[in-house]
Amino acid sequence: MSEFWLISAPGDKENLQALERMNTVTSKSNLSYNTKFSIPDFKVGTLDSLVGLSDELGKLDTFAESLIKRMAQSVVEVMEDAKGKVQENLLANGVDLTSFVTHFEWDMAKYPVKQPLVGVVDTLAKQLSQIEMDLKSRTAAYNTLRLNLENLEKKSTGNLFTRTLSDIVSKEDFVLDSEYLITLLVIVPKQSYTQWQKTYESLSDMVVPRSTKLIAEDSEGGLFTVTLFRKVMDDFKTKAKENKFTVREFYYDEKEIKREREEMTRLLSDKKQQYGPLLRWLKVNFSEAFIAWIHIKALRVFVESVLRYGLPVNFQAVLLQPHKKSSTKRLREVLNSVFRHLDEVAAASILDASVEIPGLQLNNQDYFPYVYFHIDLSLLD
């Protein structure tokens, strides 16, 4: 599973023994793989400042998770023709995301722990905001280009009634620059080909004999040319409609056809040129954003542990990776049992929901006697 539970408990003897019991039970029952999660010693500051940071970090955590999801989706969209290789490009510091989380080490150079916590949080917030701004501008340009290209390609993939005809017809199919004659394009159902050949010359006066030619087909019918005098064009259209032949409104314009073809070539070239740089940017900055997100998780564990367990700072953080989705309920029960002493009143109330404690969530899925955070990498699959 690509899901992690990040917990912490006080670092005194009683709780270290509880952690050992947890490791023993979860290992024997094959519930989870557990590793220590290293968090450096930060400058604590005042408890009031930690309360403010707790709220700010919660919002930053949500923002960072949303950002990396959007970046992962952008990689999927950019790699539209190679979606099977997307996960190869979603790395953190050159390793897969699971390995990065399980071997997490605080980046002292990027986020110095000697500065106040508020400074570390501010650095992370500014970094993520800049990445989001760049993501919006870069993907907007690429998506506009892709949308324009898709719209042009759609014109070439519809049926004969809707698709562009510029890539089907040629100059030789038309009588051009004639004061009296005009060539029309008519869509004829496949089952009516014989009828068309027998009747098109008599649908109106002044139709040029033997002027029809099949120039394209799809699953429903064929596109035929027919040449006639301009002055009977409206009458011919009416008679054609009565016989269930559809005159497709199209006038050959060599300059417009050339412009469409050049536009398609240009868009394809521009997309190819932007693909490489955009994918490289996404890979680098997805890594940066993901690394920042896990650092935010570490900060949240530190701040919440100090607020929950008090000073001096003394707690142990542990990363648990549940082995199976079906075992998470049992794992939760083990943790609540091992650490119920951290909050006996709340633990008892979980077992007896009839006891009401103001301000406390009693739902077993919502309350944790220990500090708890969730990391779900499956959202990036």
If you compare all heavy atoms of [X] against all heavy atoms of [Y], which two are closest, and at what distance to 0.1 Å?
{"X": "L16", "Y": "G11", "answer": "CD1-O, 3.5 Å"}
{"X": "S49", "Y": "T46", "answer": "OG-O, 2.6 Å"}
{"X": "Y200", "Y": "P209", "answer": "OH-C, 4.1 Å"}
{"X": "L320", "Y": "P322", "answer": "O-CD, 3.5 Å"}
{"X": "V44", "Y": "L311", "answer": "CG1-CD2, 4.1 Å"}
{"X": "T102", "Y": "T35", "answer": "O-OG1, 4.1 Å"}

Counting only heavy atoms not in [X], do more than 12 sit closer than 6.0 Å to its [atom1] atom?
{"X": "K110", "atom1": "NZ", "answer": "yes"}
{"X": "K136", "atom1": "NZ", "answer": "no"}
{"X": "Y33", "atom1": "OH", "answer": "no"}
{"X": "K190", "atom1": "NZ", "answer": "yes"}
{"X": "E242", "atom1": "CD", "answer": "yes"}
{"X": "D41", "atom1": "CG", "answer": "no"}

Among side-chain atoms of [X] and [Y], is any donor-acceptor pair under 3.5 angstrom?
{"X": "Q274", "Y": "D270", "result": "no"}
{"X": "E256", "Y": "Y251", "result": "no"}
{"X": "D376", "Y": "S2", "result": "no"}
{"X": "D12", "Y": "N15", "result": "yes"}
{"X": "Q316", "Y": "S8", "result": "no"}
{"X": "S378", "Y": "E3", "result": "no"}
{"X": "T227", "Y": "T183", "result": "yes"}

Backbone of [Y] reached by a side-chain donor or acceptor of [X] within 3.5 Å:
{"X": "E254", "Y": "K171", "answer": "no"}
{"X": "T62", "Y": "G58", "answer": "yes"}
{"X": "T199", "Y": "Q195", "answer": "yes"}
{"X": "T162", "Y": "G158", "answer": "no"}
{"X": "S32", "Y": "N34", "answer": "no"}
{"X": "S99", "Y": "V95", "answer": "no"}
{"X": "S287", "Y": "K283", "answer": "no"}
{"X": "T265", "Y": "R261", "answer": "yes"}

Side-chain ion pair, E249 and K237, N-O less than 4.0 Å
yes
Would K69 and E65 pass as an ion pair if we require N to O under 4.0 Å?
yes
Do the side chains of [Y] and [X] get nearer than 4.5 Å, heavy atoms only?
{"X": "L47", "Y": "L50", "value": "yes"}
{"X": "F315", "Y": "V313", "value": "yes"}
{"X": "K297", "Y": "F37", "value": "no"}
{"X": "L185", "Y": "F224", "value": "no"}
{"X": "L165", "Y": "R248", "value": "yes"}
{"X": "R300", "Y": "D61", "value": "yes"}

Using the six-membered ring wherever Trp is involved, compare the ring planes of [X] and [Y] and label them parallel, tilted or perpendicular (cut-offs 30° and 60°).
{"X": "F302", "Y": "F42", "result": "perpendicular"}
{"X": "F286", "Y": "F290", "result": "parallel"}
{"X": "F245", "Y": "W196", "result": "perpendicular"}
{"X": "Y372", "Y": "W5", "result": "perpendicular"}

Test salt bridge (Lys or Arg N to Asp or Glu O under 4.0 Å) applied to E56 and K59, step by step:
CA-CA 5 Å; E56 187 176 346; K59 295 176 182 176; over 6 Å; no
Could you go step by step and tell me if D235 and T238 meet the side chain to side chain donor-acceptor pair (under 3.5 Å) rule?
CA-CA 5 Å; D235 181 54; T238 301; 5.6 Å; no
Step by step, would you call Q127 with Y111 a side chain to side chain donor-acceptor pair (under 3.5 Å)?
CA-CA 11 Å; Q127 178 189 10; Y111 312 111; 2.6 Å; yes
Ring pair (Phe, Tyr, Trp, His ring centres under 6.0 Å) for Y252 and F174? Distances and angles first, verdict last.
CA-CA 8 Å; Y252 188 86; F174 296 85; 5.3 Å; yes
